[in-house]
Undergrad: 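Structure below; questions to follow.
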Amino acid sequence: MQTAAEGLRLSGKKIGLVPTMGYLHEGHLSLVDEVKKRSDVVVMSVYVNPTQFAQGEDLDKYPRDLSRDEKNAAERGVNYLFVPSDREMYPEEHLSFIELNKVSHILEGEFRPTHFKGVATVVAKLLNIVKPAVALFGQKDAQQAFIIRKMVRDLNFDVEIVVAPIVREEDGLALSSRNVYLSQYQRKQANVLYRSLKLAESNLSKGETSLEKVRSAMVRLISSESEGKIDYVSFVEPATFCKIEEAGSLAEILALLAVRFGQTRLIDNMLLKVRQRTQ
Ligand code: PAF
C-alpha cells in the first residue's frame, strides 16, 4: 500500500482515504461520495483494529463480510481497498501508541478507557502508510472525529480531515455496523436516541437554557419509551469538546448520548442551535 500510494503521489494524483472497520453500510459509502469530490484516487481501509477494543468487548463477534465490502466499495468508486492483517499493523515488537489527554477520558472514554488510544494509533498509522491529501470520517462518532482532528493538528500531520454528516434510517436510527446485533424488538425501540435528540432540539429552540432540564426530558423519554439503559446524555461545546451545563451565550451545542440495548451499545449525537435571547 505504501509503495502504491507513493507511485500515485509521484504521478501527481491527490489521494483520498476512507478508514473503516468494514461491514460497509450507506454511512461508509456516503464518505466515499464525499472523498471522490475532493481527490483523484480513493483508498479505503478495512481493518477491525484490535487495540480499540477492550477485553470483553465485541472484537471477535464484530460483523465482517469482506467479499460484500469489496463489491460495494468497487461499485461506489473505491480504487484501492487496503485490508492489512494484524501482523502487518502490529508486529510483535509494536510498542508505540498515541494518547490524547482530557478529551480521550470523557464520555466514551469513561466507559471505554483505552478505546481512543487504539483509534488514534491506528488512524495515525493509516495516515502514515497512505499519506492521503484528505481523509474522511463520519460525524456519527463525533468524539472520535474531534480527537482525530486534534491529533492531526497537534502532531502536524499534513492532511485535511473532513467530517461527513450522519446517515440515518427512515425512522431516525443512525446507521452503524453494530445495528445488526439488535433484536427486532430492540430495533423498534432504538430510534428513541434520535427522538430524544429531536426533543432536545425542540426544547432549546423554545428558549430553554438549562441543559440539566434538557437532559432530564431526554432521559424521561428514553426510559419511558424503551428498555435502553443510558450510559450518558451529555452536552459539549463543539469547538473544544468541553462538557457544559448551561447553553449560555453559545450559538450551538453538541448533544451526545450512549444507550445500551442488552449487549448492544448505541451512540448518537446532534448539533443543536440555541435560541439567542433578544434584549
Ligand atoms: O470509525 C471507525 O470505523 C474506526 O474507529 C476507525 C476510524 C476506522 C479506526 O479503526
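Keep in mind that this is a model prediction, so the values were computed, not measured. Order of appearance sets the numbers: ligands from 1, and atoms from 1 within every ligand.
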Undergrad: As an exercise, identify every atom of ligand 1 less than 4.0 angstrom from a heavy atom of V122.
TA: 9 (C), 10 (O)

Undergrad: Return the NE2 to CD distance between H25 and E169, rounded to the nearest 0.5 Å.
TA: 9.5 Å

Undergrad: How long is the span from the CG atom in L182 to the OG1 atom in T264, to the nearest 0.5 Å?
TA: 5.0 Å

Undergrad: Find out whether the Lys NZ or Arg CZ of K61 is both under 6.0 angstrom from the six-membered ring centre of Y181 and within 45° of the ring's axis.
TA: yes

Undergrad: If you have a sec, work out which protein heavy atom is nearest atom 9 (C) of ligand 1 and how many Å separate them, to one decimal?
TA: Q52 OE1, 3.4 Å

Undergrad: Among I166, L256, L173, find the one that has a side-chain contact (heavy atoms from CB on, under 4.5 Å) with D268.
TA: I166

Undergrad: Tell me the protein heavy atom at minimum distance from atom 3 (O) of ligand 1, and give that distance in Å.
TA: M21 CG, 3.5 Å

Undergrad: Which ligand 1 atoms are under 4.0 Å away from a heavy-atom of T20?
TA: 8 (C)

Undergrad: Can you pull out the closest protein heavy atom to atom 1 (O) of ligand 1? Residue, atom name and distance to 0.1 Å, please.
TA: Q144 NE2, 2.8 Å

Undergrad: Test the K102-F241 pair against the cation-pi criterion, namely NZ or CZ under 6.0 angstrom from the six-membered ring centroid and within 45° of the ring axis.
TA: no

